Amino acid sequence: MENYDAIIVGTGAAGGIVACVLAEAGKQILLLERGAALSFDDVGRDQLRNQRLSVYGHNAGPELVGNPRVFVDPNGNSRTVKPHEPDYHNNAACLGGGTRVYGAQAWRFSPDDFRMATKYGIPEGSSLADWPFPYETLEPFYERAEWELGVAGADNENSQRSPRKRDYPLPPVPPGPQTIALTDGALRLGWQTSPVPLLINTKPYQARAACIACKYCVGFACPTDAKSGSHNTVIPRALATGNCDLVTGAIAERIEVDQRGNVSGVSYFVDSPQGTNRQTARSKFVIVSAGAIESARLLLNSTSAHHPSGLGNETDQVGRNLQGHLYPRAYGISPTKVFNGVGPGVTIATTEFNHDNAGIVGGGMLADDFIKPPIDFWYDSLPPDLPRWGLANKQFMRDNYTRVLHVRGPVQDIPNPEGRVTVDPGVRDKWGIPVARLSGTTHPATVIAAEFMRARGEDWLQASGCEKVWSSQPGLVLSGKQHQAGTCRMGIDPRASVTDEWGRVHSHDNLFVVDGSLHVTNGGFNPVLTIMALAFRSAEYIARTL
Ligand SMILES: Cc1cc2nc3c(=O)[nH]c(=O)nc-3n(C[C@H](O)[C@H](O)[C@H](O)COP(=O)(O)OP(=O)(O)OC[C@H]3O[C@@H](n4cnc5c(N)ncnc54)[C@H](O)[C@@H]3O)c2cc1C
């Protein structure tokens, strides 16, 4: 194979940006993606098999057969799980990664999210830490992500919490009847609200059309390409330079090292009409952007005589601190219709409770939700005392599908070093590569914060005039799933982190991790804009260094 300047593993939120910045800087790169480049029709609109409701399967990978993981429950019982099962902690595996089917909420973290240990102290048993730099360091890169990919939002209350120098490039999505009800409720409570920032073209932008307000946003592909992800923004830019070779259907098996133990390239399996081939490509730099679980897996699987416990794992940090978000949610029956079927559906949020809640470490954001297909509503949103079948259930669905008001939101995860990714000693995938083994839970302080946020959700719905209010809240579970992060955290001390502030693995000059794995903490917000901002920052550094 050719010698590249850099090989990037993964084309998701981070990998696409790294490819774009390096290719536009004139670097020759190989971009590997294990999944396929899915068309709109490939993603489809199956309401029971999609990345948000994956009862019988899903629509953005990985394939259900041949890609297991092992999940270890809190009692120590392990079992093999398929990609569409909740304990798999899946995101997506296709060109664009999670951004192909995500909801596209585009939040900045707040300044306090970067200094959690300083602000709150370190709860016993947790690995809570500060980021190696403050919010202000990332601020220009948030702005760059917002403008280069295209975020719709309004410069108001949340912008005061996460200060910005420039407004959003696109106006926010218009309010719906649920926005009006929740605005009234927030006013009664004295809470401030803002529109939800979204990576969605509310007007034509960057040569793509505007949103047509269809009901299928989260879990699906956009019919007009108005939802911005790596696949329709930064990857086409990378390819247009002529400097980027993209290979889909190519799963990195291991990062190769030379006889002195220095990183020299990547071996991968690639599908072809003749079957599956194993190939090795050489490069000056390797950048791992495979998502928090698979990036850790790849480093841990890259063992050699020089690195018997995997790459970057000298201090047993790779794979630790797996975090995502507990997502408390509340529902209430509104006296009037609050559903108009106009997508995306998520329109209003409050960031009143992201910090400074008495007795709570952190907190979270609350927002209304994306439009739910009726089956998703049935799965997710029914009152606990309602039968799940029969006439009473049908009657409730008929009467209330358009009247139930929802709020939900991500709660700041307090990381636990025992919530982790290792590689399973026995189970292998269809290529023979040892699979990820997931174990542990989040820290109990996360559950306390989630309970607090669940109660605030109920408050909001009651103040918004709901007659009956109910809620659900996760217990002490492993946190990861679609917001997975933290497994190769950045830091100054190699004993407590995997990379430096640029994503460079401490023990290797030419090996970088750039994706959600870097997050020291995961904020009380959906994480993707932070992953993108970090990717722009690291990619610029890599381009300067290469
Ligand atoms: C349904 C859904 C809704 C979501 N909604 C939101 C939202 O509204 N807001 C938000 O902030 N976030 C949302 N997310 C989460 C968001 O998509 C992720 O945070 C983000 O994509 C993570 O970026 P990443 O670069 O870390 O990894 P990914 O985007 O997961 O990219 C990793 C890529 O690497 C590839 N890969 C993995 N292993 C290998 C290998 N060995 N060889 C080759 N390729 C490999 C994968 O196939 C994948 O394409 C959502 C996700 C989903 C699925």
Side-chain angles (χ1 to χ4, degrees), residues 7-18 30-38 43 50-54 58-62 67 83 89-109 196-200 217-221 227 229-231 235 247-255 266-270 287-299 301-302 324-325 327 344 346 367 369-370 410 429 431 433 436 480-488 513-519 522-523 525-532 534-535:
I7 300 171
I8 302 162
V9 179
T11 63
I17 286 172
V18 180
L30 174 63
L31 181 56
L32 299 176
E33 170 53 53
R34 66 179 289 184
L38 299 175
V43 176
N50 62 76
Q51 232 66 7
R52 193 180 213 200
L53 186 63
S54 54
H58 54 205
N59 55 0
N67 295 290
H89 290 264
N90 192 28
N91 188 24
C94 59
L95 189 73
T99 72
R100 185 71 183 100
V101 290
Y102 65 177
Q105 290 196 43
W107 291 96
R108 295 181 176 204
F109 288 0
V196 174
L198 291 160
L199 281 141
I200 291 178
C217 235
V218 62
F220 300 102
K227 188 165 62 169
S230 296
H231 60 287
I235 292 173
V247 188
T248 55
I251 182 164
E253 177 203 11
R254 52 182 286 116
I255 298 160
V266 174
S267 289
Y268 58 98
F269 292 101
V270 62
I287 296 128
V288 181
S289 300
I293 293 175
E294 293 297 316
S295 286
R297 176 191 177 203
L298 181 58
L299 292 179
N301 272 330
S302 299
H325 286 124
Y327 228 94
V346 58
D369 198 13
F370 294 94
D429 65 15
W431 299 275
I433 311 171
K481 298 208 161 78
Q482 295 166 351
H483 291 184
Q484 59 187 261
T487 54
C488 303
V513 178
V514 185
D515 62 15
S517 315
L518 295 180
H519 288 194
N522 210 20
F525 296 99
N526 309 57
V528 83
L529 196 76
T530 302
I531 294 171
M532 291 173 172
L534 267 181

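Keep in mind it's a predicted model, so treat the numbers as computed, not measured. Every number for a ligand or one of its atoms is a count from 1 in the order of the listing.
Both the backbone and the side chain of I251 come within contact range of ligand 1, each with a heavy atom under 4.0 Å. Contacts of S295 with ligand 1, taken as heavy-atom pairs under 4.0 Å, are absent altogether. Only the backbone of C94 comes within 4.0 Å of ligand 1, judged by heavy-atom distances. Residue-level proximity to ligand 1 for N91 is carried by backbone and side chain together, each with a heavy atom below 4.0 angstrom. Within the 4.0 Å heavy-atom criterion, the part of V9 lying near ligand 1 is the side chain and not the backbone. Within the 4.0 Å heavy-atom criterion, neither part of A106 lies near ligand 1.
For the pair Q482 (side chain) and R52 (backbone), a donor-acceptor distance under 3.5 Å is absent.
Each of the atoms 47 (O) of ligand 1 lies under 4.0 Å from some heavy atom of A93. Less than 4.0 angstrom separates some heavy atom of V528 from each of these atoms of ligand 1: 10 (C), 11 (O), 12 (N), 20 (C). Counting the atoms of ligand 1 from 1 in the order shown, those under 4.0 Å from a heavy atom of G516 are 26 (O). Near G291, meaning under 4.0 Å from any of its heavy atoms, are these atoms of ligand 1: 26 (O), 27 (O), 32 (C). Under a 4.0 Å criterion applied to the non-hydrogen atoms of A250, ligand 1 contributes the atoms 42 (N), 43 (C).
Here the heavy atom of the protein found nearest to atom 9 (N) of ligand 1 is Q105 O, 3.0 Å. Of all protein heavy atoms, the one lying nearest to atom 44 (N) of ligand 1 is R34 N, 3.1 Å. What sits closest to atom 31 (O) of ligand 1 on the protein, heavy atoms only, is G12 CA, 3.2 Å. With respect to atom 14 (N) of ligand 1, the closest heavy atom belonging to the protein is Y102 CB, 3.8 Å. Atom 5 (N) of ligand 1 has its closest protein heavy atom at G103 N, 3.0 Å.
For ligand 1, one of its N or O atoms has an N or O atom of G98 under 3.5 Å away.
Ion pairing between D429 and R34 fails under the 4.0 Å rule for side-chain N and carboxylate O.
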